[in-house]
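Shown next, in structure tokens, is the structure this report addresses.
Keep in mind that this is a model prediction, so the values were computed, not measured. Throughout, protein chains are lettered first and strands after them, A, B, ... in sequence-line order, and every chain is numbered starting at 1.
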2 protein chains.
Amino acid sequence: MSAPTNRANPTIHAVARAAGVSSGTVSNALNHPARLAPETLERVHDAIIDLGYIRSAAGRTLIRNRSDSLGLVMPDLVNVLFVEIARGAQRSASDQGKRLVTANSGFNAHELAAGASQVDDQDEYLEYFAEARADGVLVASMRDPSRGIDRIRNHVRPVVVINYDVPNADWCTVLMDNEQVGRAAIEHIADLGIRRAYFVSIPDIVQPIAERRRGVRAAAAARGIHLTEIETAGLFPEDSTAALAGVLPEPGGERLAILGANDRLAIGALQLLRNRPDLRVPEDVAVLGMDGDHRDDGADWITLTSVVLPGQAMGAEAIRLIDAEAQPGHVHERSVLPVRIRQGASTIGR
Amino acid sequence: MSAPTNRANPTIHAVARAAGVSSGTVSNALNHPARLAPETLERVHDAIIDLGYIRSAAGRTLIRNRSDSLGLVMPDLVNVLFVEIARGAQRSASDQGKRLVTANSGFNAHELAAGASQVDDQDEYLEYFAEARADGVLVASMRDPSRGIDRIRNHVRPVVVINYDVPNADWCTVLMDNEQVGRAAIEHIADLGIRRAYFVSIPDIVQPIAERRRGVRAAAAARGIHLTEIETAGLFPEDSTAALAGVLPEPGGERLAILGANDRLAIGALQLLRNRPDLRVPEDVAVLGMDGDHRDDGADWITLTSVVLPGQAMGAEAIRLIDAEAQPGHVHERSVLPVRIRQGASTIGR
DNA sequence: CTGAAAGCGCTTACAG
DNA sequence: CTGAAAGCGCTTACAG
């Protein structure tokens with residue numbers, strides 16, 4: 001009487017036994033089916049189905065020293081930009097038949113701005129993907145990822161960083177042009193003849209904010225716009241409402257533009273203005289956001305003029321660069337994707 | 001003259017050699033540091049830093065038959081509900097010191113509704129996590145995941161399914177009460193004295209839509225609301241605009257409520273009404289959505305009444321259930337989380 | 001406190 | 001076309 005077959009966690013040997021072949025033959029059935037006689041192949045497949053066998057990645061990765069999958073480390077997904085980056089990367093990887101696996105560091109600029117305690121597992125997950133011997137690692141980040149990347153450099157080949165610019169980095173980088181974001185906003189209102197603007201933003205605690213501010217300032221100087229910078233405690237509508245409450249202009253003054261460093265801040269301005277019928281949007285106050293829903297579908301009652309960020313394109317570009325990095329003799333690239341204005345009723349009227 | 005030390009992909013043996021110990025001792029330094037003499041421990045750590053050594057998960061997983069990480073399979077993140085589920089699961093896992101890794105199946109109900117070709121890698125990623133010997137698998141799904149789960153059952157212990165209800169399933173399930181979503185919407189407008197409603201939705205191609213419709217119908221019958229169901233081709237504002245364009249009421253008729261199966265459809269109705277000043281919101285037409293941004297921050301010019309879905313709570317609950325599933329003698333749970341109405345200007349005025 | 005050795009589940013030349 | 005055997009990088013009793 002033989003011991004009862006334990007069906008939990010069957011191994012390649014269990015399959016081999018069931019099919020009456022050696023484990024090498026089972027392996028060949030999976031990896032090089034053409035090498036087997038058709039009847040043998042079928043017997044092996046039947047045994048696999050029968051036992052519910054699923055190959056262990058561990059043994060396979062161990063001997064091949066590669067895992068056939070890419071890792072993507074993301075910040076918290078409150079920020080829609082990163083949702084769109086993840087979607088773009090995901091879709092592009094899937095189109096190319098690549099596996100993409102994502103981990104979330106928890107980094108959250110909203111909470112950082114509010115001074116809340118901050119989780120950031122970026123380095124831990126970089127290490128995780130290095131331990132897993134990922135074939136490449138993508139890091140979308142709001143902060144300098146250099147240290148974590150340096151640590152894993154001996155174990156992960158191609159690395160692509162998204163949304164953070166490290167000068168002379170030893171990897172490929174995908175960015176959007178955040179100075180252009182700021183410039184585009186100013187150009188738009190200047191073209192409308194507006195000569196006075198508020199820039200509503202958290203302080204420069206993350207790179208994109210600092211760069212947008214730089215673009216705003218430079219373009220305002222160039223176009224002769226009188227700029228007032230208004231500091232908020234966070235990135236939500238209510239932060240904007242709170243910061244703007246005391247500084248809205250009197251009716252009848254010169255036309256004003258309010259530029260939110262992100263769309264939620266712009267929306268806070270709109271909410272405030274809804275209770276000020278004496279200030280018409282956009283005739284008296286034009287309102288503009290600097291990162292829309294990234295999908296260009298204007299999901300709003302009054303369509304908000306905004307800068308549409310190339311989130312999905314950034315994700316797709318990052319996947320392309322992972323490939324490029326893997327080519328011998330590759331020179332690191334630094335892709336800066338352009339943004340564009342989406343004009344809405346909040347600045348140009350219906 | 002010894003061969004040059006190759007610093008790429010150092011193994012535990014390279015570390016052992018560099019530290020002048022055996023590989024078992026290096027392993028103990030990592031896993032049971034208290035067993036080592038302090039000087040030995042330090043020498044090993046120095047060697048690890050020096051070589052940039054990162055342990056291979058493959059060898060470790062192979063012998064331990066577990067990977068110390070959880071897998072989460074998600075549909076496409078166009079749907080904000082899933083973003084919030086991912087965030088809730090992520091944060092909860094992180095709080096408990098667990099690693100959570102996510103894969104995206106690409107399933108997209110918008111495209112499904114539009115008849116576009118559909119990627120769905122759900123089963124592939126379930127298999128991936130099984131190959132990786134994940135300590136548990138979470139599946140957030142818009143379709144029946146039974147087949148994929150059955151396939152991996154011999155290799156993955158706890159499984160929790162989020163957002164899809166399979167009767168008598170052999171796993172834990174986390175749901176929201178989608179019939180309650182529909183009922184809550186009708187109750188709200190009935191309480192406002194409205195007796196006529198449009199339910200604007202794609203057909204019942206996914207479970208949540210079918211259940212919302214069921215709730216809407218039952219509550220409408222119970223409360224004596226005259227219900228008209230309007231079919232859209234998709235889940236975006238423009239789909240709603242297209243479907244509603246010909247059926248908006250004449251001014252002066254009985255008050256109407258428009259209920260969008262999701263918020264974007266409701267927003268489409270608002271956009272249409274913006275060009276019909278003869279129909280006032282909410283006095284003539286009240287508008288309500290059925291899944292908001294899930295964050296309750298009303299990021300809109302006219303705040304939209306909506307049903308706030310418990311996305312983050314669902315994610316956190318799923319992590320709790322993964323733990324519960326791992327307990328011996330555990331009986332599968334089926335958690336149904338409640339929803340609630342967020343009242344906005346689109347139905348109750350400012 | 002440390003080392004030698006077995007073994008985890010695979011894949012891959014190599015014989016036959 | 002198939003099998004026997006080595007080896008991937010770890011961890012873990014077990015001796016000493």
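Using a 4.5 Å cut-off on side-chain heavy atoms (C-beta onward), Arg55(A) and Ile12(A) make no contact. For the pair Thr102(A)/Met74(B), no side-chain contact is recorded, criterion being any heavy-atom separation below 4.5 Å from C-beta on.
Here dC10(D) is the nucleotide among dT11(C), dT2(C), dC10(D) with the atom lying nearest to any side-chain atom of Arg133(A). With dC10(D), dC1(D), dT2(C) as the candidates, the nucleotide lying closest to the side chain of Ala37(A) is dC1(D). For Val21(A), the side-chain atoms get nearest to dG3(D) when compared with the rest of dT11(D), dG3(D), dC10(C). The side chain of Ile12(A) approaches dC10(C) more closely than any other nucleotide in the set dT11(D), dG3(D), dC10(C).
If you measure from atom CG of Asn9(A) to atom C1' of dC10(C), you get 15 Å, rounded to the nearest angstrom. Distance, Leu41(B) CG to dT2(C) C1': 13 Å, rounded to whole Å. The interatomic distance linking Arg66(B) (CZ) with dC8(C) (C1') rounds to 15 Å, in whole Å. Regarding Ile63(B), its CD1 atom lies at a distance of 16 Å from the P atom of dA5(C), rounded to whole Å. Protein atom CZ of Arg17(A) is 19 Å distant from nucleotide atom P of dT2(D), rounded to whole Å. One atom, CG of Leu30(A), and another, C1' of dT12(C), lie 14 Å apart when rounded to the nearest Å. Rounded to an integer number of Å, the gap from Arg64(A) CZ to dC10(C) C1' is 11 Å. Spacing between atom CD of Glu131(A) and atom P of dC10(D) amounts to 10 Å, rounded to whole angstrom units.
Contact annotation: Ser22(A) side-chain N/O to dG3(D) OP1/OP2 distance is under 4.0 Å. Here Thr25(B) reaches the OP1 or OP2 of dG3(C): one of its side-chain N or O atoms lies under 4.0 Å away. Dashed line: the shortest gap from a side-chain N or O of Arg55(B) to OP1 or OP2 of dC10(D) is not under 4.0 Å. When the side-chain nitrogen and oxygen atoms of His32(B) are compared with OP1 and OP2 of dT12(D), one or more of them lie within a distance under 4.0 Å.
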Practice task
Show your working on salt bridge (Lys or Arg N to Asp or Glu O under 4.0 Å) between Glu325(A) and Arg157(A) and close with a plain yes or no.
Solution key: CA-CA 8 Å; Glu325(A) 282 270 280; Arg157(A) 286 64 47 146; over 6 Å; no
Using the 3.5 Å cut-off, write out each protein N or O paired with an N or O of nucleotides 13-16 of chain C and the distance between them.
none

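Shown here is Arg43(B), whose CZ atom has more than 12 heavy atoms of other residues, nucleotides or ligands within 6.0 Å. When the shell of 6.0 Å around CD of Gln96(B) is examined, it contains more than 12 heavy atoms from other residues, nucleotides or ligands. More than 12 non-hydrogen atoms from other residues, nucleotides or ligands lie less than 6.0 angstrom from CD of Gln118(B).
The residue among Gly59(A) and Ser23(B) whose nearest nucleotide of DNA chain C is located toward the 5' end is Ser23(B). Residues His155(B) and Leu36(B) both approach DNA chain C. Their nearest nucleotides, taken by heavy-atom distance, put Leu36(B) toward the 5′ side.
Within 4.0 Å of Ser27(B), counting heavy atoms only, lies at least one base atom of the nucleic acid. Across all strands shown, Ser56(A) has heavy atoms under 4.0 Å from sugar-phosphate atoms exclusively, and none from any base. Residue-level contact check: Asn65(A) touches neither bases nor backbone, having no heavy atom under 4.0 Å from any strand. Among the protein residues, Ala58(A) comes within range of no part of the nucleic acid, since none of its heavy atoms lies under 4.0 Å from any strand.
A donor-acceptor distance shorter than 3.5 angstrom exists from the side chain of Asp135(A) to the backbone of Ser67(A), with no hydrogens or angles considered. Between the side chain of Ser27(A) and the backbone N or O of Ser23(A) there is no donor-acceptor pair closer than 3.5 Å. When atom types are taken as modelled, the side chain of His155(B) and the backbone of Gly52(A) share a donor-acceptor pair closer than 3.5 angstrom.
When only modelled atom types and interatomic distance are considered, Ser56(B) and Glu131(A) share no side-chain donor-acceptor pair under 3.5 Å.
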Fill in the blank from the handout: Read 5' to 3' with Watson-Crick or G-U pairs under 3.5 Å, [ ] for crossing pairs and | for partners on another strand, DNA chain C gives |||.||||||||.|||
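For Asp165(B), the salt bridge (charged side-chain N to carboxylate O under 4.0 Å, His left out) partners at least two apart in sequence or on another chain are Arg334(B).
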